[in-house]
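Working notes, structure below.
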Amino acid sequence: MASTHNGAEGGMPDPIHQFEIKRLLPLELFGLDASFTNSALYMIITVAVTFGFLMYATRGRSLVPSRIQSLAEIAYEFIAKMVRDSAGKAGMQFFPLVFTLFMFILIANMISMVPGSFTVMSHIGVTAALALLVFATVIISGLIKHGFGFLKLFVPSGVPIYVLPLVSLIEIVSFLSRPVSHSVRLFANMLAGHITLKVFGGFAVMLIGSGTYAALTPLPVFMAIAITALEFLVSFLQAYVFAMLTCMYLNDALHPSH
Amino acid sequence: MATPDNTGTEIPHDGAHPVAFPPLDGSTVAPQLVWLAITFGALYLLLSRIALPRIGEVIEERRDRIQRDLDSAERLKGETEQALAAYEQALADARANANAIAKETRDRLAQRVDAKQKQVDTEIEAKVSEAERRIDETRTKALTSVDEIASGIVGPLVANLVGTSPSDDEVKTALAKQSD
């Protein structure tokens, strides 16, 4: 067991160690590895915190909201406005989906800022699954609503006929690459942010134990503090961007003709 | 290998010690996705069935309440304006009424004065004509008396002068001839 304590192997703490999946409760369902992992634990915490917060905030159902109730209402109206603005009134049928995505990602990211916790969104599999969920929702609801008319999405109006094949090809490629960019953006941001945090934290730990150079310790500490603030921003921003892009993609499903 | 970490085509490795970069490790994708499906599905159901309707209800209720209050304020404002208009109408009516009454009174008084004037005028006229008639009468009577006096005087006068007294008829004829 080389990487037991914090992955410290050669003095420098391993910044990758935090992303390791640990099987807390090995489990197999229908030949599928369904082990209860640390990731699953944090997903459950995320769900509990999200639902608990919203229910606790609205327990009074007061006409004049308390501070915490205002917070829940702001989140609600923030997402509702986002959906309405970018996907129109018809987009409101997807409001619960977008709200769940936003809150799940936001709370998971916020919980990941607690030192020693696991970052659910730092695994490409998770973000890819969420992005594919959106992708599938767009295609299925688009086909249900417009049938073959959904393919108009790839045929922009007002384009001369001789460049149309090229434009359509580009549209198709860009459409297919959506889930990739959608998922990688979130995953890479969270991964890189937490690695950077860990690296600067590691520097501080290394410096403080290095005799003369210990005087330089405040530098990486300040950096870590600054990056912590930045990471809080990124955590929110990535949840926002993910929800925003979801709305824009859903808009395509509802209004395929450009 | 108590638990099957290698679910499929991944490169086989020891489960306890990750060889691959953990975030891209294919062997841990399956359990993550299983639990993602469970937790995300649960969160979706909890939010869409319970939490979101609850928040939406509160917001909706507040919006309704504010709208109601605004509506009633609007209604009350309308009522105030109506009352004000009614008051002004009543004021104008009363003023017009007062004017009418004043005019009527004035007219009536003027009429009465006119009638009285006319009556007095006629009375005066009647009195004047009566007086004139009496004056005429008196004058005529006086004139007749003059004739009588004259004839009364003429008889003795002639008798004194001529010695024969003329008859009454002769005197009258002579006097009538004289006065013509």
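Proteins come first, then strands; the chains are lettered A, B, ... in the order of their sequence lines, and each starts at number 1. Values below: all heavy atoms of this structure, side chains included; hydrogens, waters and symmetry mates excluded.
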**OP:** Mark yes when over 12 heavy atoms from residues, nucleotides or ligands other than B:E79 sit less than 6.0 Å from its CD; otherwise mark no.
**Re:** yes
Subject >> A:M248 atom CE, neighbour heavy-atom count above 12 within 6.0 Å >> reply: no
Original post:
Looking at A:E77 and B:R63, does any basic side-chain N land under 4.0 Å from a carboxylate oxygen?
Top reply: yes
Original post:
Which bit of A:F187 is near chain B, if near means a heavy-atom gap under 4.5 Å: side chain, backbone, both or neither?
Top reply: side chain
**OP:** Please indicate whether A:R59 has more than 12 foreign heavy atoms, meaning atoms of other residues, nucleotides or ligands, lying under 6.0 Å from its CZ.
**Re:** yes
**OP:** Would you mind telling me which of A:P65, A:S122, A:A48 has the largest number of heavy-atom pairs within less than 4.5 Å of chain B?
**Re:** A:P65
**OP:** Report the option among A:V120, A:L130, A:T46 that has the most heavy-atom pairs separated by less than 4.5 Å from atoms of chain B.
**Re:** A:L130
Original post:
Residues of residues 32-44 of chain B under 4.5 Å from chain A (heavy atom pairs)?
Top reply: B:Q32, B:L33, B:V34, B:W35, B:L36, B:T39, B:F40, B:L43, B:Y44
Original post:
Got more than 12 heavy atoms from elsewhere within 6.0 Å of CZ, A:F78?
Top reply: yes
Original post:
So with a 6.0 Å cut-off around CZ of A:F51, is the heavy-atom count from everything else above 12?
Top reply: yes
Subject >> Heavy-atom pair of closest approach, residues A:P96 and B:S48 >> reply: CB-CB, 3.6 Å
Original post:
Could you give the distance from CD1 (B:I55) to CD1 (A:I74), rounded to the nearest 0.5 Å?
Top reply: 11.5 Å
Subject >> Engaged part of B:R62 at the chain A interface, taking heavy atoms whose separation is under 4.5 Å >> reply: both
Original post:
Can you tell me how far the CZ atom of A:F104 sits from the CG atom of B:L47, to the nearest 0.5 Å?
Top reply: 10.5 Å
**OP:** Among the options B:L52, B:V29, B:I50, pick out the one with the most heavy-atom pairs lying under 4.5 Å from chain A.
**Re:** B:L52
Subject >> Most contacts with chain B, counted as non-hydrogen pairs under 4.5 angstrom, among A:L97, A:T37, A:T119, A:T50 >> reply: A:L97
**OP:** Can you tell which part of A:Y76 gets under 4.5 Å to a heavy atom of chain B, answering side chain, backbone, both or neither?
**Re:** side chain
Original post:
Does B:R112 CZ have over 12 foreign heavy atoms under 6.0 Å away?
Top reply: no
Original post:
Which value, rounded to the nearest 0.5 Å, describes the distance between A:K22 atom NZ and B:T28 atom OG1?
Top reply: 12.0 Å
Subject >> Leading residue by heavy atom contact count with chain B [cutoff under 4.5 Å; candidates A:L54, A:I44, A:T58] >> reply: A:T58
